[in-house]
There are 2 protein chains.
Amino acid sequence: MFDPVCPSGLTPIRFGDKWYGMIIRCLEHGPRRFSELRVPLRGISAKVLTRSLRALERDGMITRTAYPGPVQRVEYDLTPLGRSLLEPMAAACAWAEKHWEELLDAREAAGHPR
Amino acid sequence: MFDPVCPSGLTPIRFGDKWYGMIIRCLEHGPRRFSELRVPLRGISAKVLTRSLRALERDGMITRTAYPGPVQRVEYDLTPLGRSLLEPMAAACAWAEKHWEELLDAREAAGHPR
DNA sequence: CTAACCGGTATCCCGGCGGTAACCACGTCA
DNA sequence: TGACGTGGTTACCGCCGGGATACCGGTTAG
């Protein structure tokens with residue numbers, strides 16, 4: 001998921017900052033903990049992940065819940081608003097799937113290394 | 001069109017660089033000349049517009065046609081690929097129209113100045 | 001006691017985006 | 001002859017996003 005060559009990271013369509021969209025997709029199937037998010041988002045630093053999560057929280061896209069147990073445990077989950085973003089994101093992904101090769105070919109033809 | 005307060009410039013959804021998407025929308029209803037593009041895109045500098053246009057051209061989104069008449073005349077037009085981007089952009093705009101207020105409210109509630 | 005895990009924060013660095021300003025070639029007009 | 005419009009290019013500069021690294025407080029496992 002989200003390997004460096006994945007087209008989803010290369011579409012001209014972006015949601016918020018670099019990770020905003022990917023984080024939302026990671027939360028699509030239920031809440032995730034901080035460290036669970038770092039796995040699929042290969043290479044994200046803790047700082048950047050924290051910042052993106054804070055931004056998403058500020059925008060009402062996700063909730064942050066710290067469980068008071070003895071072990072530190074924080075879960076992030078999508079709000080209805082965040083979930084509603086999945087729809088246009090799906091449209092963007094559909095576009096990318098259909099037209100990604102075209103875009104790549106155009107770049108190659110323009111002399112840009114693939 | 002595209003005044004600084006327009007939500008379209010503030011959605012978390014972005015297409016390419018800052019202007020990529022707006023340029024495509026400007027070309028939606030037919031070809032436009034360089035200077036015609038600078039009008040709706042208030043405040044864009046020639047440098048940035050040129051760079052964005054080159055990027056769009058490189059990606060096969062638009063064509064650049066210089067007419068050989070006595071006066072210098074260059075027109076930019078959407079390719080089918082560029083036109084196909086209008087679809088997910090419409091989805092993004094629909095989302096923004098529906099949920100923009102929600103996002104704003106969330107930011108305000110988070111103590112962020114509106 | 002020590003190490004590791006969790007969920008971060010603090011600091012530094014770098015590259016790229018975006019903006020300003022100056023300049024330029026070409027052609028037209030007065 | 002000079003000013004002006006068109007469609008740029010170039011140099012410079014500031015800011016911010018993103019990455020790497022180090023550290024930290026609390027808890028638990030060995």
S.K.: Does the side chain of R54(A) reach to within under 4.5 Å of the side chain of R64(A), using non-hydrogen atoms?
M.R.: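 Side chain of R54(A) against side chain of R64(A), heavy atoms only: contact under 4.5 Å found.
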S.K.: For the pair made of CE in M22(A) and P in dG17(D), what is the distance, rounded to whole Å?
M.R.: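 From M22(A) CE to dG17(D) P: 16 Å.
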S.K.: Heavy atoms only, 4.0 Å cut-off, all strands: where does R54(B) land among base, sugar-phosphate and nothing?
M.R.: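 Sugar-phosphate contact only.
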S.K.: Check the distance between dT9(D)'s P and L53(B)'s CG and give it to me in whole angstrom.
M.R.: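 That distance rounds to 10 Å.
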S.K.: Whole-Å distance between dA21(C) C1' and I44(B) CD1?
M.R.: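 Spelled out: CD1 on I44(B) to C1' on dA21(C) is 17 Å.
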S.K.: Please report the shortest heavy-atom distance between S84(A) and P88(A), naming the atom on each side.
M.R.: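 Looking at all heavy atoms of both residues, the shortest contact is O-CD, 3.3 Å.
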S.K.: Would you indicate what R33(A) reaches in the nucleic acid, counting non-hydrogen atoms under 4.0 angstrom: base, sugar-phosphate, or nothing?
M.R.: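 Sugar-phosphate contact only.
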S.K.: Between dC17(C) atom P and R14(B) atom CZ, what is the distance in whole Å?
M.R.: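 After rounding, the gap between these two atoms is 11 Å.
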S.K.: Please encode protein proximity along nucleotides 21-30 of chain D as a string of B, S and -, counting only heavy-atom distances under 4.0 Å.
M.R.: ----B-SS--
S.K.: Within the 4.5 Å heavy-atom criterion, are M89(A) and I24(A) side-chain neighbours or not?
M.R.: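 Yes; the side chains approach each other to less than 4.5 Å.
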S.K.: Expressed in angstrom and rounded to an integer, what is the separation of E36(B) atom CD from dG8(D) atom C1'?
M.R.: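 So the CD-C1' distance, E36(B) to dG8(D), works out to 16 Å.
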S.K.: Near E36(A) CD, under 6.0 Å, is it more than 12 heavy atoms from other residues, nucleotides or ligands?
M.R.: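 Yes.
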S.K.: Give a yes/no verdict on a cation-pi contact between R73(A) and Y67(A), requiring under 6.0 Å between NZ or CZ and the six-membered ring centre and an angle within 45° of the axis.
M.R.: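 Relative to the ring axis of Y67(A), which defines the angle, R73(A) lies inside both limits.
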S.K.: Is any side-chain nitrogen or oxygen of S35(A) closer than 4.0 Å to OP1 or OP2 of dG7(C)?
M.R.: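 Affirmative; the distance criterion is met.
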S.K.: May I ask you to say what Y76(B) touches in the nucleic acid, namely base, sugar-phosphate or nothing, with a heavy-atom cut-off under 4.0 Å?
M.R.: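 The residue Y76(B) makes sugar-phosphate contact but no base contact.
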S.K.: Is the number of heavy atoms from other residues, nucleotides or ligands under 6.0 Å of E28(A) CD greater than 12?
M.R.: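 Correct, the count exceeds 12.
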S.K.: Roughly how many Å is it from CG in D17(B) to C1' in dG15(C), rounded to a whole number?
M.R.: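 Nearest whole value for this atom pair: 16 Å.
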S.K.: Side chains of T65(A) and D77(A): closer than 4.5 Å at any heavy-atom pair?
M.R.: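 The answer is no; the side chains never approach within 4.5 Å.
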S.K.: Would you kindly give the CZ-to-C1' distance between R38(A) and dG7(C), to the nearest whole Å?
M.R.: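 Those two atoms, CZ and C1', are 10 Å apart.
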S.K.: dT10(D), OP1 or OP2 - any side-chain N/O from R51(B) closer than 4.0 Å?
M.R.: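 R51(B) to dT10(D) OP1/OP2: no side-chain N or O under 4.0 Å.
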S.K.: Note the angle between the end axes of the helix from dC1(C)-dG30(D) to dA30(C)-dT1(D), five pairs defining each, rounded to 10 degrees.
M.R.: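 If I round to tens, the end axes sit 20° apart.
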S.K.: Pick one: which of R25(A), K18(A), M22(A) meets side chain to side chain contact (heavy atoms under 4.5 Å, CB included) with L41(A)?
M.R.: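 Answer to the side chain to side chain contact (heavy atoms under 4.5 Å, CB included) test with L41(A) among R25(A), K18(A), M22(A): M22(A).
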S.K.: Just wondering, are more than 12 heavy atoms of other shown residues or ligands nearer than 6.0 Å to CD in E87(A)?
M.R.: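 Counting other residues, nucleotides and ligands, CD of E87(A) stays at 12 neighbours or fewer.
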S.K.: Provide, to the nearest angstrom, the distance between the CZ atom belonging to F34(B) and the C1' atom belonging to dC26(C).
M.R.: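 Atom-to-atom, F34(B) to dC26(C), this comes out as 16 Å.
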